[in-house]
There are 2 protein chains.
Amino acid sequence: MVILNEDRPVRLLARGKSISQAVNVAEILRNNFIKGANYSEVLIDSEELTNRDGSKSNVSSMEIEILPPKK
Amino acid sequence: MVILNEDRPVRLLARGKSISQAVNVAEILRNNFIKGANYSEVLIDSEELTNRDGSKSNVSSMEIEILPPKK
């Protein structure tokens with residue numbers, strides 16, 4: 001919120017199950033706190049993570065960029 | 001998959017906690033099944049749902065559009 005108020009864009013990053021949480025955060029920010037803020041880029045990708053037992057798994061990741069409102 | 005193989009775009013819709021699942025589906029589709037398919041639009045929005053007890057709550061929703069691979 002501080003960053004958006006200073007007129008700079010913000011990027012939210014999330015992986016796996018927290019993706020829906022990041023989307024919630026973005027929506028609450030946009031609807032309740034910084035009115036007029038808009039999405040610029042929503043990127044979806046996969047990352048390969050190594051588990052504790054050494055096996056590997058693919059996890060989806062998401063990047064949401066929010067732009068400050070236009071003045 | 002059938003639709004993408006027929007060269008038409010596909011839209012995935014999800015709400016609330018299933019958003020991360022939709023992202024997983026999109027990634028698996030893109031990486032394992034229809035190689036070369038790409039995202040065109042990823043839209044994030046909120047919807048107001050009425051609960052069973054009549055109260056209302058806001059739920060985030062997401063729309064992912066996947067384009068068939070270019071030939």
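So that the names make sense, note that chain A is the first sequence line, chain B the second, and so on, each numbered from 1. These numbers come from the heavy atoms of this one structure, side chains and all, not from hydrogens, waters or symmetry mates.
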Next item on the list: Calculate, to the nearest 0.5 Å, the distance between atoms CE and CD1 belonging to B:Met62 and A:Ile64 respectively.
Entry: 6.0 Å
Check: Which ILVMFWY residues are connected to B:Val59, directly or by a chain of links, through side-chain heavy atoms under 4.5 Å apart?
Finding: B:Leu49
Inter-chain polar pairs, chain A versus chain B: which donor-acceptor atoms lie under 3.5 Å apart?
unit_1	atom_1	unit_2	atom_2	d
A:Ser20	OG	B:Ser20	OG	3.4
A:Asn24	OD1	B:Ser60	OG	2.4
A:Glu27	OE1	B:Ser46	N	3.3
A:Glu27	OE1	B:Ser46	OG	2.3
A:Asn31	ND2	B:Ser46	OG	3.3
A:Ser46	N	B:Glu27	OE1	3.3
A:Ser46	OG	B:Glu27	OE1	2.3
A:Ser46	OG	B:Asn31	ND2	3.3
A:Ser60	OG	B:Asn24	OD1	2.4

Check: Cluster partners of B:Leu43, using ILVMFWY side-chain heavy atoms under 4.5 angstrom, listed by chain and number?
Finding: none
Checklist line | Closest approach of B:Leu12 to B:Ala22 (non-hydrogen atoms, all atoms of both residues) | finding: CD1-O, 3.7 Å
